[in-house]
2 protein chains.
Amino acid sequence: MPSEQPPASQEPASQEPTAQATIVDVALRAGVSVATVSRALRNYPNVASATRDRVLQAAGELSYVADTNASRLASGRSNTIGVLAPILTSWYTGEVIAGVEEVLRDAELDLLISTRGLVDRRDAFEVASAFRQRVDGMILVDAYFHDEGARMNRAGIPTVVVGEHMAAVPSLSIDDRLGGEMATRHLLELGHRRVGLIGGLITPDVVSAVLDRRLAGFHAALAAGRLRRDRSLIAEGNFTIEGGRRAARQLLANDNPPTAIFCLSDEMAFGAIQAARELGLSIPRDLSLIGFDDHPVAEAIGLSTIRQPVRDMGRVAARLVADIIDGHEPVSRHLPQAIALVARSSTAAPSR
Amino acid sequence: MPSEQPPASQEPASQEPTAQATIVDVALRAGVSVATVSRALRNYPNVASATRDRVLQAAGELSYVADTNASRLASGRSNTIGVLAPILTSWYTGEVIAGVEEVLRDAELDLLISTRGLVDRRDAFEVASAFRQRVDGMILVDAYFHDEGARMNRAGIPTVVVGEHMAAVPSLSIDDRLGGEMATRHLLELGHRRVGLIGGLITPDVVSAVLDRRLAGFHAALAAGRLRRDRSLIAEGNFTIEGGRRAARQLLANDNPPTAIFCLSDEMAFGAIQAARELGLSIPRDLSLIGFDDHPVAEAIGLSTIRQPVRDMGRVAARLVADIIDGHEPVSRHLPQAIALVARSSTAAPSR
DNA sequence: TTGTAGGCGTTATCAT
DNA sequence: ATGATAACGCCTACAA
């Protein structure tokens, strides 16, 4: 029951709101100052509840939303977390981001994403420095950026690294060496004596600790099984399906080809499966294959693998930065993540 | 060779820059006004090149970067494109985002990402309205948000939809009906007479035009082959691997099971492959399978499919919004995308 | 070509 | 509990 017609200026005839209402509009309508509006809307304790109600109502009627940029400029907080990753299209990166997004959504934080090739590390610096002023915290996927991680932290922007264990930066990662060992041991226990490995240096000049550690585990398991290292049983797979395919063809073209191959990622294993099919080899009869990750497709096609909780890692990383931003010092600098061997139908005893 | 010690205030002893330089600092150092700095840094034409050089140098020395929020507040532009998608972890969404990111990186635009379940369409409204003031343009993945798309456009925020053909909003999509027909016809031409379909309504109350169209193509092909519709040959797969698996088990438990199945996404086909393996069925001997998408794993495991250029669609969408923002009216409201049948080893003539 | 100064919409400090 | 008002850092007429 409209007791009085409001001033004409208040409600324009057209359906579409001509311009966004500002805090002044709300203040006017609620009959309070802008400061009070600001406080009421952000649930400050020192606001009379009657006042708060009036403000809320006015804001609702005007469908007012505080301008992000103005608020960020004034408060110095961006309410945004940045994610920097080498590539977006790997399953790994996708899962991390999904986990992060899940948490940020609940925390009402924005998610800003950027990619930078592994090659251009210099680029990464620029991105990070551009990020510096528009994020309150950062998550670095993989460690290609770890220099930046330390730098960002020193610059006061909480940054955590996912996928590498680092001294200078809070990080969460699995025990890659153990993973390499578990996978290899599984093959040895099945009776394999010639075990190949498909790894993946993206570029010659990028040294990845992850690969080194998995490789170290591989070698450790071989040594424990009294097997000698054989360089001809190792090939680069570039962490892609196609790379895995090429690497597998290379290994299988060997005079004395492996009876089992450990692929450092499931995606490379998919490529190896393709290669086997093309060569008319049957899995696991002619060739055993084990991957790394537990990609959902691995379960579908029965690929044995080492499972790591990637989505979880994204979640945990997001909570960690959010907490640090809120002033809680991280309980520990490093959060180790559990892995598990998942034996499926792609691994079996060798037939010869 | 340090000829002179610079004034102490200029270079603090500590390594880390205490605070970000502002435009005033640059102006002071270059001996010009802030307005000139602003112009020089943004490559305005009306700046003497000597002046510009001095400004650039000063900015470089101070490693100055304009504050994003301040500049956005003042200019009213966010230089950000928002992407809203139902889920982040599907291959499809990942590819779209990767394509978008590629273009935005070159265009120096930020990428803001948000997800909203298909179920909470109301939520989508809120997100979109929250996005309104922090993006210059939007890309909607799938059409669950198409109402919002129209609304955003009316509100002056250029918005395009990827994956659905829409009247009210610029969009790019494939001919889903044709795709459904091509896949089905392929199976019929191989001689199959009992063809199943695994589709995927995410929730009962979401009506997806994509599914409807592919289904229509399926039915059209059946009719052309003089085959009758059979509701018992259609199952929901939820667009996930696990959903595909369940749906396949359901179809194959039929009294008179299909000899071929058309899956509306490759991921559902992966699940169907799993189901077949679990049931001891060999592909393609006992069961032919065709998917939709051309997921990279499809090639690896030899899955026949309908290929669509998803990454490209992301690229095109991003260029489209960027262009519209720059004032270029879109050449056309809808950009059709090409698809192709890719026949691999998962489809063959029925053995019975 | 360059400088001056008034916004942009909030937040936060200091009174009251 | 509430109100003025000065930042926040940049952009952009308008002047010179």
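A, B, ... follow the sequence lines: proteins, then strands. Residue 1 opens every chain.
If you measure from atom CG of B/N43 to atom C1' of C/dT1, you get 16 Å, rounded to the nearest angstrom. Per the geometry, CG belonging to B/L73 stands 17 Å off P belonging to D/dA7, to the nearest Å. Between A/L41 atom CG and D/dA1 atom P there is a gap of 17 Å when expressed in whole angstrom units. Here the P atom of nucleotide C/dG3 and the CZ atom of B/R39 are 8 Å apart, to the nearest Å. Counting to the nearest Å, the P atom of D/dC8 and the CG atom of A/D67 are 19 Å from each other. Atom-to-atom, CD1 of B/I23 to C1' of D/dT12 comes out at 11 Å; the value is rounded to the nearest Å. Between the CG atom of B/D25 and the P atom of D/dG9 there is a distance of 10 Å, rounded to whole Å. Atom CZ in B/R134 sits about 15 Å away from atom C1' in C/dG9, given to the nearest Å.
For C/dT11, neither phosphate oxygen OP1 nor OP2 lies less than 4.0 angstrom from any side-chain nitrogen or oxygen of A/Y44. A close approach under 4.0 Å does occur between a side-chain nitrogen or oxygen of B/T36 and OP1 or OP2 of C/dG3. For the OP1/OP2 pair of C/dC8 and a distance below 4.0 Å, the side-chain nitrogens and oxygens of A/T22 include no atom meeting the criterion. For C/dT11, neither phosphate oxygen OP1 nor OP2 lies less than 4.0 angstrom from any side-chain nitrogen or oxygen of A/S75. Look at A/S71 and you won't find any side-chain N or O under 4.0 angstrom from OP1 or OP2 of C/dT10. Here B/R42 reaches the OP1 or OP2 of D/dT12: one of its side-chain N or O atoms lies under 4.0 Å away. Using a 4.0 Å cut-off, no side-chain N or O of B/S38 falls inside it from OP1 or OP2 of D/dT12.
Paired with B/R134 under the rule side chain to side chain donor-acceptor pair (under 3.5 Å), one option of A/D110, A/D67, A/T80 passes, and it is A/D110. For the side-chain contact (heavy atoms from CB on, under 4.5 Å) test with B/V83, the passing option among B/L112, B/V162, B/I97 is B/I97; the others fail.
In the set C/dT4, D/dG3, C/dT1, C/dT4 carries the atom at the smallest distance from any side-chain atom of B/S33. Comparing D/dT2, C/dA5, D/dC10 by their closest approach to the side chain of A/T51 singles out D/dT2. Between C/dT2, D/dC8, C/dT10, one nucleotide has an atom nearer to the side chain of A/A70 than all others, and that is C/dT10.
Between A/S38 and A/R42, the side chains place a donor N or O and an acceptor N or O closer than 3.5 Å (distance only, hydrogens not considered).
Heavy atoms of B/N46 sit under 4.0 angstrom from at least one base atom. Using a 4.0 Å heavy-atom criterion, one finds that B/A35 contacts the bases of the nucleic acid, with or without backbone contacts as well.
Residues B/R52 and B/N43 share a closest heavy-atom pair of NH1-CA, 3.6 Å. Across all their heavy atoms, A/A85 and A/V141 have their closest contact at CB-CB, 3.8 Å. Of all heavy-atom pairs between B/L172 and B/M313, the closest is CD1-O, 3.3 Å.
Between A/V24 and B/R54, it is B/R54 whose nearest contact on DNA chain C lies nearer the 5' terminus.
Within 3.5 Å, no donor on the side chain of A/R72 pairs with an acceptor on the base of C/dG9, nor the reverse.
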